[in-house]
Amino acid sequence: MTRPIITLTTDFGLSDHFVGVMKGVILGIQPAAQVIDISHGVEPYQIADGAFTIAEAYQYFPPKTIHVVVIDPGVGSARRPLLAEMAGQYFVAPDNGVLSMIFAREQPKVRHITNERYFLHPVSQTFHGRDVFSPVAAHLATGVKSAKFGKRIEDYIRASFDKPAQTGQHSWTGIILKADHFGNLATNFHIDQFPALRTHAFSLKVGPQSINRLALTFSECAPGELCAIVGSSGYVEVAASQGSAAERLGTGAGSPVELTIY
Amino acid sequence: MTRPIITLTTDFGLSDHFVGVMKGVILGIQPAAQVIDISHGVEPYQIADGAFTIAEAYQYFPPKTIHVVVIDPGVGSARRPLLAEMAGQYFVAPDNGVLSMIFAREQPKVRHITNERYFLHPVSQTFHGRDVFSPVAAHLATGVKSAKFGKRIEDYIRASFDKPAQTGQHSWTGIILKADHFGNLATNFHIDQFPALRTHAFSLKVGPQSINRLALTFSECAPGELCAIVGSSGYVEVAASQGSAAERLGTGAGSPVELTIY
Amino acid sequence: MTRPIITLTTDFGLSDHFVGVMKGVILGIQPAAQVIDISHGVEPYQIADGAFTIAEAYQYFPPKTIHVVVIDPGVGSARRPLLAEMAGQYFVAPDNGVLSMIFAREQPKVRHITNERYFLHPVSQTFHGRDVFSPVAAHLATGVKSAKFGKRIEDYIRASFDKPAQTGQHSWTGIILKADHFGNLATNFHIDQFPALRTHAFSLKVGPQSINRLALTFSECAPGELCAIVGSSGYVEVAASQGSAAERLGTGAGSPVELTIY
């Protein structure tokens with residue numbers, strides 16, 4: 001008997017009881033669940049950061065994994081809770097675009113979760129991670145069929161965090177998706193969409209500076225030097241080897257990045 | 001066969017080996033244990049914060065869960081280690097008031113842990129999380145009966161973190177229990193004890209400012225505005241929607257809060 | 001059937017998807033694995049901190065535990081991945097000295113991991129935690145024999161983080177191994193090598209100040225006073241009871257410590 005895997009991705013941080021409570025709720029419903037933290041350090045309320053974090057992680061999990069994603073600035077408002085099936089896995093999240101980067105890559109089947117039988121009652125106005133998303137994931141992990149949770153919908157929110165906007169024949173504006181723990185800045189320029197970065201001269205403007213060189217590895221980049229590098233994700237990152245590019249450039253998630261290819 | 005759940009709540013943080021070591025000790029004694037972190041981000045040495053954190057979490061865990069709570073500024077002194085049974089669960093913690101908020105709600109049976117057979121030897125002066133609390137919890141999870149650990153006591157410490165002091169006919173002084181990850185300030189004013197907050201004009205003075213309005217949801221509160229809100233716990237929180245009330249008010253755990261109801 | 005334990009020690013932090021991805025990779029290969037975090041808060045690129053962290057933790061884990069240690073500033077360069085067997089346990093780590101403190105205590109059998117069959121392909125230049133170390137650990141946990149991963153080597157890197165240098169008849173220079181979550185500074189002076197600290201006058205110079213007294217417990221040390229104390233590890237620590245010695249002294253991992261015994 002395999003133990004069902006439930007992952008958690010939130011902006012709740014780890015200093016409070018919130019994450020522990022979600023795990024308690026899950027284990028109360030499905031004691032065999034194996035609860036795995038992806039990250040609770042998504043920047044508070046930053047949907048793009050959450051979208052990037054789960055999009056980078058899900059593909060490394062086994063089939064039937066259930067991912068709970070709670071970056072939810074609209075909690076308590078009318079935004080809908082979603083259950084999405086795609087890539088052979090399940091995703092439980094608010095309808096605010098946080099699954100967009102996965103929607104763009106996979107064939108999603110999305111449901112609006114409405115069956116309150118699978119909620120924890122009374123449902124609070126402030127903590128749907130506990131009252132809605134965790135119990136739904138746990139019931140799913142006990143074998144409840146997706147269709148029981150609510151009806152299929154098509155008008156769920158899709159944001160295009162992964163598509164830089166073309167601003168000229170050779171220029172694009174993108175964004176920083178995330179400043180990681182090392183201060184590396186993941187941009188939304190993916191090497192598969194911008195292969196010319198490997199072969200052409202370019203200028204990648206981030207904050208006050210331009211980077212003009214794509215390094216192959218961190219060790220190629222002199223300590224403290226600013227380099228562009230293709231991250232493990234395929235997205236171009238700006239890194240200061242053994243230092244924080246985020247600090248040096250005074251920038252972070254959501255800030256613009258300008259690319260010109262010559 | 002269910003796997004026994006052991007939760008951990010400490011002020012050890014996550015940058016060190018401390019929490020990992022506790023888990024190693026537990027799994028060495030009871031390999032089937034499922035160890036769940038509630039939080040290791042309790043503010044160092046802040047017993048009120050620890051008391052609030054575990055009190056908010058335990059009720060969401062299944063019967064027979066074993067909670068290990070180590071906020072322990074008196075480690076190495078004569079303070080006693082406790083094993084408490086209440087609410088169908090177990091709690092292993094130092095006798096310093098950290099279980100007070102649960103003692104106040106439940107019918108506790110408390111023992112002074114004295115049976116050194118269940119300790120890890122030699123017992124250090126500085127890390128009872130490893131040498132006393134974790135091994136006791138793990139032995140409990142293997143089926144050792146509570147009575148084996150030590151005798152019942154009644155004179156354990158009860159602090160009243162959850163009771164604001166009445167200072168006038170319509171005024172009370174409370175405290176901030178915790179500044180959470182979002183900078184929301186949880187006070188010890190519980191809506192069940194202060195239902196008039198929903199119906200009467202009031203002034204809640206926190207640091208340099210007064211809040212006069214109880215919002216129903218975060219989304220009702222304009223970005224950056226300071227609002228009082230009933231948290232998922234039932235305690236009144238001061239929140240700055242999509243911002244940090246703790247930063248705006250320059251205050252945190254342990255600071256006083258003055259309430260006047262008109 | 002026991003569930004194999006795999007521990008993780010990294011400098012990846014918890015704000016990103018990195019650690020979650022490693023767990024996904026492990027569970028995809030060995031679903032029965034019990035993945036335990038030792039710490040992901042090793043100071044970025046600080047091999048001494050990583051060496052200390054894993055050396056303090058491994059001994060508390062059961063036989064056959066598999067420890068994955070990824071503090072890896074040389075990722076993408078020619079540094080070798082290692083599989084070490086010692087103390088009845090397994091260690092998977094880069095060949096950069098991060099296992100040195102354990103090598104010094106145990107009888108290691110070390111292999112250079114070369115069998116790419118056990119890697120995740122394509123192997124990136126930047127994230128061997130995901131592509132090399134985690135899958136090797138997971139395959140080991142499914143029962144693959146050590147010899148399958150690569151040949152024995154003897155020329156792996158041994159650094160001597162745990163040996164202060166003697167600089168005079170009664171004086172030594174050591175280093176701070178780690179500033180822990182409480183701001184306590186763990187030095188590399190071990191009480192077993194310096195028992196005279198218990199019986200003789202001494203001066204321990206850390207940053208701008210000298211400490212002259214070994215306290216027995218934290219509670220012996222007045223709030224805010226700077227004390228030397230024998231940590232739970234046996235190493236002498238500099239602590240400010242209920243305060244941060246690291247902040248008071250403006251120092252941290254890697255900084256020198258001067259000891260004179262009179």
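In what follows, every chain begins at residue 1, and chains take the letters A, B, ... in the order their sequences are listed.
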>> With a 4.5 angstrom heavy-atom cut-off, is it the side chain or the backbone of Tyr58(C) that approaches chain B, or both, or neither?
In response: neither
> In terms of heavy-atom proximity below 4.5 Å to chain C, should Tyr45(B) be classed as side chain, backbone, both, or neither?
Replying inline: side chain
>> At a 4.5 Å cut-off on heavy atoms, which part of Ala78(B) comes close to chain C: side chain, backbone, both, or neither?
In response: neither
> Quick one: CZ on Phe18(B) to CG on Asp180(C), what's the gap to the nearest 0.5 Å?
Replying inline: 4.0 Å
> CZ of Arg213(C): more than 12 outside heavy atoms within 6.0 angstrom?
Replying inline: yes
> With a 4.5 angstrom heavy-atom cut-off, which part of Thr53(C) approaches chain B: side chain, backbone, both or neither?
Replying inline: both
> Got a sec: does the CD of Gln59(B) have more than 12 other heavy atoms crowding it under 6.0 Å?
Replying inline: yes
> Taking all non-hydrogen atoms of both residues, which atom of Gly24(B) and which atom of Pro62(C) are closest, and how far apart?
Replying inline: O-CD, 4.1 Å
>> Please report the interatomic distance CG(Leu14(B)) to CG(Asp37(C)), rounded to the nearest 0.5 Å.
In response: 8.0 Å
>> For Ile54(C), which atoms come within 4.5 Å of any heavy atom of chain B: side chain, backbone, both, or neither?
In response: neither
> Could you state the interatomic distance from OG (Ser134(B)) to OH (Tyr60(C)), rounded to the nearest 0.5 Å?
Replying inline: 11.5 Å
> Going from CZ on Arg3(C) to CZ on Arg3(B), what distance comes out if it is rounded to the nearest 0.5 angstrom?
Replying inline: 4.0 Å
> What are the two closest heavy atoms between Ser39(C) and Asp16(B), and how far apart are they?
Replying inline: CB-O, 3.3 Å
>> For a 4.5 angstrom cut-off between non-hydrogen side-chain atoms, does Gln34(C) reach Leu27(B)?
In response: yes
> Which atoms form the tightest heavy-atom contact between Pro44(B) and His181(C), and what is the distance?
Replying inline: CG-NE2, 4.0 Å
> In terms of heavy-atom pairs under 4.5 Å, which option from Pro63(C), Ala179(C), Gly41(C) contacts chain B the most?
Replying inline: Gly41(C)
>> I need the Asn184(C) CG to Thr126(B) OG1 distance, nearest 0.5 Å.
In response: 9.0 Å
>> Let me confirm one number: the CG-NE2 distance from Asp49(C) to His17(B), rounded to the nearest 0.5 Å.
In response: 10.5 Å
> If you count heavy-atom pairs under 4.5 Å with chain C, which of Asp11(B), Val35(B), Ile29(B), Asp131(B) comes out on top?
Replying inline: Asp11(B)
> Would a distance-only check, ignoring hydrogens and angles, find a side-chain to backbone donor-acceptor pair under 3.5 Å from Lys178(C) to Ser15(B)?
Replying inline: yes
